[in-house]
Amino acid sequence: MELFFSLWFWIGIIAVTGIIAGVITNAVNKKAETAKHVAGSQAGGDYRALAEQTLEANRALLERIGAVEQRLAAVEKTLTDIPQ
């Protein structure tokens with residue numbers, strides 16, 4: 001019976017209870033954070049915006065490369081047409 005009246009017993013009980021509560025709180029927070037990320041990725045979230053920006057940049061680059069190829073073809077034609 002003297003065990004329950006000991007100060008160190010109650011300090012230990014409080015410490016163990018605090019550690020268990022911390023672990024449970026951390027697990028619940030991680031689960032909520034994971035659910036938030038899953039919901040965001042299913043709805044598109046930042047990934048969709050990033051993909052759309054990348055797609056637009058790639059389209060612009062393809063247009064510029066096409067224009068450069070046409071100019072290069074014109075220069076090559078001019079150089080082959082010059083008599084030597």
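Numbering starts at 1 and runs along the sequence shown. Everything numeric in this text was worked out from a predicted model, so none of it was measured.
One finds the CD atom of Glu69 at 13.5 Å from the CZ atom of Arg64 (value rounded to the nearest 0.5 Å). Between the CH2 atom in Trp8 and the CD1 atom in Ile13 there is a gap of 14.5 Å [rounded to 0.5 Å]. Rounded to the nearest 0.5 Å, atoms CG (Leu62) and CZ (Arg59) are 9.5 Å apart. Thr54 OG1 to Leu61 CG: the interatomic distance, rounded to the nearest 0.5 Å, is 11.0 Å. Once rounded to the nearest 0.5 Å, the distance linking CD1 of Ile19 with CD1 of Ile14 reads 12.5 Å. Here the OG1 atom belonging to Thr25 is positioned 11.5 Å from the CD1 atom belonging to Ile20, to the nearest 0.5 angstrom.
Ile24 and Val16 fall within a single hydrophobic cluster, where Ile, Leu, Val, Met, Phe, Trp and Tyr are joined by side-chain heavy atoms under 4.5 Å apart, directly or via other members.
A salt bridge between Lys36 and Glu33 is absent, with no side-chain N of the basic residue lying under 4.0 Å from a carboxylate O of the acidic one.
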